[in-house]
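Structure record follows, encoded as structure tokens.
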Protein chains: 2
Amino acid sequence: MTMTIGKLAQRAGVGIETIRFYERKGLIETPLRTASGYRQYSEAVVRRLQFIRRAKELGFTLNEIKELLSLKTSAGVTCASVKQKAEKKIADIDGKLRSLRRMKRALVDLTQTCNGDSSLDECPILNAMDEGGPLE
Amino acid sequence: MTMTIGKLAQRAGVGIETIRFYERKGLIETPLRTASGYRQYSEAVVRRLQFIRRAKELGFTLNEIKELLSLKTSAGVTCASVKQKAEKKIADIDGKLRSLRRMKRALVDLTQTCNGDSSLDECPILNAMDEGGPLE
DNA sequence: ATTGACTCTGTAGTAGGGTACTGGCTTTAG
DNA sequence: CTAAAGCCAGTACCCTACTACAGAGTCAAT
């Protein structure tokens, strides 16, 4: 019950090139080959690609996903280390959220002081960025 | 009262290479040169680099900053077009915020079902990513 | 047997925002 | 005067996550 790379790509919802790229990056194992050199994949690889897709949706980078996957095959590793990585990722996300909220507040303040009618010389937005407004 | 590129870099808090990079990108004007070819900068360029830094902090890309700067020197452009760009940027930021909040919610849910004591086979985080948990 | 779809390797390009290096001048401090 | 520090142009390289070829071999259907 093996499949070629095109079938795998279709099943997993990714591009063929992406699969070969993941192979080069070490995210999926080097597959068995047919006599003529075609890659042969099992169902398990479909699941692995879906795992990668989900982890990406959760904001993990490919390198982090590689770490998660290597945890799975390491001896003596418990679920706790996975949880720890997830918690670190939550902290990262919190940092990004804070930074974006700061940006947004500054921009909202600026657009509110701006009536849109001033000449460019008096534009509060440009001036605030020029002179150092409520930022930093 | 002109300065060389190193001094400018120091004053503006950016790297020398970054200044030359901005010059290539058209974010700062091509400066006058000394007889021996050294770039000569005025105070105005310090302010421009600070403008660029602030705008980056607000989440504008270099291309967007270039547009903002070109608005400043275009005739017949009012403050309204600047305000409009800022508002579009606010909408972009809202989109990113929504996406990050979704990620965080999913990760928090996962870490809460995980006691950290399970074996890896039973790790709720890995399983959720493997099998399709509360995502999508 | 031939056509068309599929796969192979290897290399290069994309965007964004820089950083690093090479080899050769110039300027400045001692 | 000399040595160190600073500058020049041009090019290559970093990261992320792919994507796009080119040219050649393979497989399935007709």
Side-chain angles (χ1 to χ4, degrees), chain A residues 2-28 30-42 45 48-69 89 92-93 96 99-100 103, chain B residues 2-28 30-42 45 48-69 89 92-93 96 99-100 103:
Chain A
T2 61
M3 62 192 105
T4 61
I5 196 168
K7 193 75 189 163
L8 173 63
Q10 193 191 322
R11 293 280 306 279
V14 299
I16 289 174
E17 309 283 354
T18 305
I19 295 171
R20 293 201 274 246
F21 172 74
Y22 286 171
E23 184 182 326
R24 283 199 297 280
K25 285 273 165 177
L27 283 148
I28 53 179
T30 58
L32 293 175
R33 302 289 186 119
T34 64
S36 59
Y38 282 26
R39 290 171 178 81
Q40 285 179 296
Y41 296 101
S42 67
V45 187
R48 167 153 293 200
L49 286 172
Q50 282 165 354
F51 177 97
I52 293 170
R53 191 165 56 72
R54 277 169 195 291
K56 281 201 323 147
E57 281 168 12
L58 286 175
F60 290 93
T61 66
L62 293 188
N63 278 334
E64 288 165 339
I65 294 168
K66 196 174 161 185
E67 274 181 57
L68 284 175
L69 290 166
K89 187 46 69 177
D92 287 354
I93 290 174
K96 285 185 192 160
S99 157
L100 283 173
M103 281 181 204
Chain B
T2 60
M3 62 192 107
T4 61
I5 197 168
K7 192 76 189 163
L8 173 64
Q10 194 191 321
R11 292 280 308 280
V14 299
I16 289 174
E17 308 284 354
T18 305
I19 295 171
R20 292 200 274 247
F21 173 73
Y22 285 171
E23 184 182 325
R24 283 199 295 281
K25 286 271 166 177
L27 283 149
I28 54 180
T30 58
L32 292 176
R33 303 289 186 120
T34 65
S36 59
Y38 281 27
R39 289 172 178 80
Q40 285 179 295
Y41 296 101
S42 68
V45 188
R48 168 153 293 200
L49 286 173
Q50 283 166 352
F51 177 96
I52 293 170
R53 193 165 56 70
R54 277 168 196 292
K56 278 199 326 143
E57 282 168 12
L58 286 175
F60 291 93
T61 66
L62 293 188
N63 278 334
E64 288 166 339
I65 294 168
K66 196 173 161 187
E67 273 181 58
L68 284 175
L69 290 165
K89 190 44 71 176
D92 288 354
I93 290 174
K96 286 185 191 160
S99 156
L100 284 173
M103 281 181 203

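Below, read A as the first sequence line, B as the second, and so on, with proteins coming before strands; counting in each chain starts at 1.
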- Query: Just by distance, do the side chain of K66(B) and the backbone of K25(B) share a donor-acceptor pair under 3.5 Å?
  - Reply: yes

- Return the value, rounded to whole Å, for the distance between atom CZ of R20(B) and atom P of dA20(C). 13 Å

- Message: How many whole angstroms separate atom CD of Q40(B) from atom C1' of dG6(D)?
- Response: 15 Å

- Between atom CG in L49(A) and atom P in dA17(D), what is the gap in whole Å? 15 Å

- Find the distance between CG (L8(A)) and CD1 (I19(A)) and round it off to the nearest 0.5 Å. 4.0 Å

- Of F21(B) and Y41(A), the one whose closest DNA chain C nucleotide lies more 5': Y41(A)

- Any side-chain N or O of R39(B) under 4.0 Å from OP1/OP2 of dC7(D)? no

- Report the distance from atom OG1 of T30(B) to atom CZ of R24(B), rounding to the nearest 0.5 Å. 14.0 Å

- Query: Any idea which heavy atoms bring I52(A) and I65(A) closest together, and the distance?
  - Reply: O-CD1, 3.7 Å

- So, does R11(B) use its side chain to make a donor-acceptor pair with the main chain of M3(B) at under 3.5 Å? no

- Task: Take atom CE of M3(A) and atom C1' of dT7(C), then tell me their distance rounded to the nearest Å.
- Result: 16 Å

- Is T4(B) near enough to dC7(D) that one of its side-chain N or O atoms lies under 4.0 angstrom from OP1 or OP2? yes

- T18(A) side-chain N/O to dT19(D) phosphate OP1/OP2 under 4.0 Å: yes

- Query: Within the structure, does a side-chain N or O atom of R33(B) lie under 4.0 Å from either OP1 or OP2 of dA9(D)?
  - Reply: yes

- Tell me what K56(B) touches on the nucleic acid: a base, only sugar-phosphate, or nothing, going by heavy atoms under 4.0 Å. sugar-phosphate

- Message: Measure CD1/I52(B) against P/dG16(C) and give the value in whole Å, please.
- Response: 16 Å

- Item | Whole-Å gap separating C1' (dG16(C)) and CZ (F60(B)) | 17 Å

- Item | NZ or CZ of K7(B) within 45° of Y41(B) ring axis and under 6.0 Å | no

- Message: Would you say that M103(A) contacts K89(B) through its side chain, given a criterion of any heavy-atom pair below 4.5 Å between the two side chains?
- Response: no

- Query: Taking C-beta and beyond as the side chain, do L62(A) and K56(A) meet within less than 4.5 Å on heavy atoms?
  - Reply: yes

- Query: Using a cut-off of 4.0 Å between protein heavy atoms and nucleotide atoms, how would you tag nucleotides 24-30 of chain D 5' to 3' with B, S and -?
  - Reply: -BBS---

- Query: Out of curiosity, R39(B) CZ to T4(B) OG1, how far, rounded to the nearest 0.5 Å?
  - Reply: 11.0 Å

- Near-strand residues of residues 5-16 of chain B, defined as heavy-atom separation under 4.0 angstrom from DNA chain C: none

- For E17(A) and dT9(C), give me the distance from atom CD to atom P, rounded to whole Å. 11 Å

- Query: Rounded to whole angstroms, how far apart are CD1 on I19(A) and P on dC18(D)?
  - Reply: 12 Å

